[in-house]
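Everything on this sheet refers to the single structure shown next.
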Amino acid sequence: MNRIDHDLLSVQEARILVENAREAQKILAAFPQEKLDQIVGRMAEEVYQAARELAVLSQEETGFGQWQDKLVKNVFASDFLYKKIRDMKVVGIIGEDKANQTMDIGVPVGVIVALPPSTNPVSTTIYKTLIAIKSGNAIVFSPHPKAQKTIGKVLDILIRAAEEKGLPCGAISYLHTLAADGTVALMNHQDTSLILITGVPKMVRAAYTSGKPTIYGGPGNGPAFIERSADIKKAVADIIASRTFDNGIVSASEQSIVAEDCIADEVKQELRRKGAYFMSAEESDRLGKLFFRADGSLNPEIVGKPAVELARRAGIGVPADTKVLISEQKYVSPGNPYAREKLCPVLAFFVEKDWMNACEKCIELLINEGRGHTLVIHSRNEQVIREFALKKPVSRVLVNTPATLGGIGATTNLFPAFTLGSGAAGGGFTSDNVSPLNLINIRKVGYDVRRLEDITGGMPAGDAAEDSTEDLKELLAKLLEQFAQKI
Ligand SMILES: CC(=O)SCCNC(=O)CCNC(=O)[C@H](O)C(C)(C)COP(=O)(O)OP(=O)(O)OC[C@H]1O[C@@H](n2cnc3c(N)ncnc32)[C@H](O)[C@@H]1OP(=O)(O)O
């Protein structure tokens, strides 16, 4: 098949998928929460069973990350997520305030178009499907081309499990003839209600151009601030565990460390002890050249690769047990590769005089990239933590925790999510860890509780308006008379 025929077929398939999804969603919209929950529970169980196999397949197909960490993410996106959402009321009457006589009704948005990234193809696909069905929506996926086989396999498992429990056919589906034109056709279709996109920077523009509400999990660039009162050993252990998790491909992960001057040497010593390699300026330059392509986009060749492999590619000799590569930096600028998100186990290291200067450095980093995403502070001073949290342009401030795991809600009580909103600061409309509640509209019901007189303080509003018009007419007539007498 030639390219044009392939693209046309993709567009045709997209139209059929959305039409089928629309019909299926009409049936789904009438399902009570309990029935949706049974379907979600069944899906979670089935993918949980396949979590290991899918983790291995994902690493093999994409070459990103480590299957062992992907297994953790897959368990988190299935078993852990299901347990977290199973008691949530999302559709039907979800809230009632008897005293104020109002009621909230959760209404599914309709048909969701979802794009998972190549970096987290399994966990993001499971997560998006579970939250979409939990909230009574149909969902049509456009798999990432670099993870097409893996995403197809995950979805086949989910679809089979869900349909066994009564999910209408077409409520979960995916584009088999994959092309950009087909993906755009999914987004532009009149029956598509919302686009849920994670990663895939090149498709974000198409999503916004479609004019559909778009929830986007975009780039992070979160610094980790180590304040003088921090438990340095724990802070360093957290940062290393986080930065090496799945070889650094989760967007919430730390991209830099900002340490206060008075503890900087101790932090460096601990980092070295835990397997960090501090590069020389010349080595930093060499590695820095590998991070981005000529158009400024991230080079997929370095994404999700272990530190030793990155060092080898840059011709840097490092001990075999090196876990992260660190570059000491002073300034933040768009041209500095160490001041941007890299999705691999590399960190910039900044030293600042005090916590206020560190605060400024963190803001500079976030304005450079990752505005609205995530940042982490290691401190035992509650006052500093609170002041720090008040001033940062982020949607998540994580405290004394590994950012990768804290941001997605594994080591914190944030909602377990693989789409992390960056809010208005990041050009999106939600700052949430996206949950089923982001995939519904809330119909507000209000009963009659007061009369207009209760607001106007007993003044008869209608008559008063007429009276004042009469008064005005009378006043005007008098003024005109006076004016006529003068001339
Ligand atoms: C919780 C989380 O951590 S999730 C967020 C994870 N973070 C990210 O994914 C970071 C952002 N991602 C990236 O920067 C890139 O995707 C990388 C660096 C990881 C990989 O880069 P690449 O391999 O070049 O893949 P990229 O995602 O840009 O897509 C490659 C091509 O596939 C296309 N493509 C991607 N998804 C689709 C789709 N669903 N349908 C059709 N085409 C698609 C892209 O448009 C691009 O097209 P092009 O080659 O014509 O330019």
Side-chain angles (χ1 to χ4, degrees), residues 3 6-7 10-11 13-14 17 61-65 69-70 73 76-77 113-128 140-148 151-152 155 174-187 195-207 215-222 242 245-255 290-305 340-344 369-370 373-374 395-396 403-410 414-422 426 433-434:
R3 176 77 194 265
H6 177 87
D7 290 356
S10 181
V11 172
E13 194 194 348
L17 292 179
E61 187 180 9
T62 65
F64 295 148
D69 292 338
K70 291 183 186 298
K73 287 198 283 191
F76 177 73
V113 167
L115 276 74
S118 50
T119 45
N120 298 305
V122 180
S123 45
T124 309
T125 302
I126 299 171
Y127 151 78
K128 286 185 180 184
V140 182
F141 279 87
S142 173
H144 194 288
K146 288 190 177 164
Q148 193 175 359
I151 294 170
L155 285 166
Y174 64 96
L175 206 54
H176 289 73
T177 313
L178 193 58
D181 286 3
T183 304
V184 172
L186 285 177
M187 295 176 178
I195 300 165
L196 194 49
I197 175 164
T198 313
V200 206
K202 287 177 186 163
M203 279 288 160
V204 175
R205 215 171 303 123
I215 297 181
Y216 176 47
N221 186 31
S242 179
F245 184 79
D246 211 7
N247 292 339
I249 55 177
V250 176
S251 60
S253 181
E254 300 85 349
Q255 301 294 324
L290 303 183
F291 294 147
F292 299 99
R293 293 180 281 204
D295 65 357
S297 66
L298 202 51
N299 173 11
E301 293 297 314
I302 57 103
V303 170
K305 299 287 181 290
R340 293 186 56 193
E341 182 185 55
K342 285 167 295 296
L343 306 178
C344 58
E369 190 173 45
H373 208 291
T374 304
S395 304
R396 280 155 290 275
T404 302
L405 301 166
I408 62 171
L414 303 184
F415 184 81
F418 283 100
T419 298
L420 307 177
S422 291
N433 276 21
V434 175

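Note that ligands are numbered from 1 as they come in the structure, with each ligand's atoms numbered from 1 the same way. Only heavy atoms go into these numbers, but all of them, side chains included; no hydrogens, no water, no symmetry mates.
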Say whether, by atom type as modelled, one donor and one acceptor occur between the side chain of R340 and the main chain of G370 under 3.5 angstrom. no

Is the closest side-chain donor-acceptor distance between S297 and K202 under 3.5 Å? no

If the test is side chain to side chain donor-acceptor pair (under 3.5 Å), which one of N120, T124, N433, T198 qualifies with T419? T198

Do D69 and K73 sit within salt-bridge range, that is, some charged N less than 4.0 Å from a carboxylate O? no

side-chain contact (heavy atoms from CB on, under 4.5 Å) with V303: which of L343, T62, N247? L343

For ligand 1, find each of its N or O atoms that sits under 3.5 Å from a protein N or O atom, and tabulate the pairs with distances to one decimal place.
residue	atom	partner	partner atom	Å
ligand 1	3 (O)	N120	ND2	3.3
ligand 1	3 (O)	S251	N	2.8
ligand 1	3 (O)	S251	OG	3.2
ligand 1	9 (O)	T119	OG1	3.3
ligand 1	23 (O)	K146	NZ	2.1
ligand 1	24 (O)	R293	NH1	3.4
ligand 1	24 (O)	R293	NH2	3.2
ligand 1	27 (O)	H144	NE2	2.7
ligand 1	29 (O)	H144	NE2	3.3
ligand 1	39 (N)	S142	O	3.1
ligand 1	39 (N)	S142	OG	2.8
ligand 1	39 (N)	P143	O	3.3
ligand 1	40 (N)	S142	OG	3.3
ligand 1	40 (N)	T183	OG1	2.7
ligand 1	51 (O)	K202	NZ	3.1

Could you tell me whether a side-chain N or O of E13 sits under 3.5 Å from a main-chain N or O of H176, the two making a donor and an acceptor? yes

